[in-house]
Asks: 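For reference, the structure I am asking about is given below.
Please read these numbers as outputs of a predicted model, since none were measured by experiment. Read the numbers this way: they start at 1 and go in the same order the structure lists the ligands and their atoms.
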Amino acid sequence: MKVLRLKKGKEESLDRFHPWVFSGALADCIPDGIEEGDIVGVEASDGRFIGVGHYQIGSIAVRILDFSDRTIDESFFAERLGEAFRLRQALGLQRPDNNAFRLVHGEGDFLPGLVVDIYGPTAVVQAHSPGMHYARRTIAAELIKIPGLGVENVYYKSETTLPFKARLDPRNDYIIGGYVGNEALENGLKFNIDWLRGQKTGFFVDQRDNRRLLQHYSCGRKVLNMFCYTGGFSVYAMRGGAELVHSVDSSEKAVTLTDANIALNFPGDGRHKSFAEDAFKFLDRMESGTYDLVVLDPPAFAKHRSALRNALRGYQKLNFKAMEKMAPGSILFTFSCSQAVSREQFRLAVFSAAAQSGRKIRILHQLTQPADHPVNIYHPEGEYLKGLVLYVE
Ligand code: SAH
């Protein structure tokens, strides 16, 4: 195995099991013969071995797979994927009424650069690093071997998640099996998952627990689900007994997906309506008091730290526009999925919106990502989803 040496003192975060080696921490230039995606060893300046990981060009040079000198082969992936599934079993996520869940959440499952979502018999695999891209066939082969998981088809979807390099050629396609239908179950509700054309792996499994909480508050309410995508929150609100549910997304495709998922669960139910429209425009033309339960689940406003200021302003503006017009006694579910925005920063943006609206507002719940998106305690960056449930008087 080729080994990269760190500058003096740069082993500290790794000794605390943080799995990233930044390029600036490396003592020397990358020697000839080391290619992107290669498995490399990492050692401290005094030659002490630290771990083994995937090498990549960019600010994160190595993503550590294991803090020992072990071989990264089929048995490594079999072991890690097996551990990931055992955790999901402990969480009770594989049930007759629930077969959609995240099996692998990158660093949170000690597999940096890898995401695997399960939709019944199909696994959707996403590589975020060249190393995981090269390992995709091994990963797929090991996934179908996991006893009890029941995966028969593996769809690889990394065209948009890998750094652009022509040489990688990350074509979206089935690695094993093929299309056998796309209906999945979440807490007894049916969803069509469009992994072929949809965003991410086709569905935002990370809002499962928060959708269920919304259902709890839905009875008799007039619900606005802003940034609805596949209509997850809308379907739960319908089941919770909402008086009406309006879903909004700027994408026509998303609105079509939402309509289909509503029809799948509540055929012919006249309580639901959807709108293909920009969120800010919709909120501007919305009459005060129309809704008393609102969900704001926008896309990540800050994809990088450089966009932080604008992102915070965006969250403030969006939340203000909603708060200003919500009926008295309303409930607001508001989220940020930007990893670059901290929990405190998001709360501050929502606080500023509240102050600007002048309304009496209390925090009822502080929400996060569900347990199948675990956060490796040594890698706090893995915590990305933040939400607040507010009572607006
Ligand atoms: N709440 C969803 C996930 C939302 S993803 C769920 O639970 O599954 C973010 C969505 O916001 C995408 O579908 C995207 O099309 C939509 N979107 C992005 N910008 C928008 C805008 N300006 N107005 C309305 N929708 C927008």
Asks: Tyr391 ring centre to Arg362 NZ or CZ under 6.0 Å, with the angle to the axis within 45°?
Replies: no
Asks: Taking the six-membered ring of Tyr236 as reference, does the cationic atom of Arg239 (NZ for Lys, CZ for Arg) lie under 6.0 Å from its centre and within 45° of its axis?
Replies: yes
Asks: Listed by chain and number, what are the ring pair (Phe, Tyr, Trp, His ring centres under 6.0 Å) partners of Phe266, not counting sequence neighbours?
Replies: none
Asks: I need the contact residues for ligand 1: any residue with a non-hydrogen atom closer than 4.0 Å to the ligand, ordered by chain then number.
Replies: Gln199, Phe204, Arg211, Phe227, Cys228, Tyr229, Thr230, Phe233, Asp249, Ser250, Ser251, Glu277, Asp278, Ala279, Asp297, Pro299
Asks: Would the Phe233 and Phe335 ring centres measure less than 6.0 Å apart?
Replies: yes
Asks: Answer with yes or no after comparing the ring centroid distance for Tyr217 and His365 against a 6.0 Å cut-off, counting only values under it.
Replies: yes
Asks: Validate the cation-pi geometry between Lys317 and Phe280: distance from NZ or CZ to the six-membered ring centre under 6.0 Å, angle to the ring axis within 45°.
Replies: yes
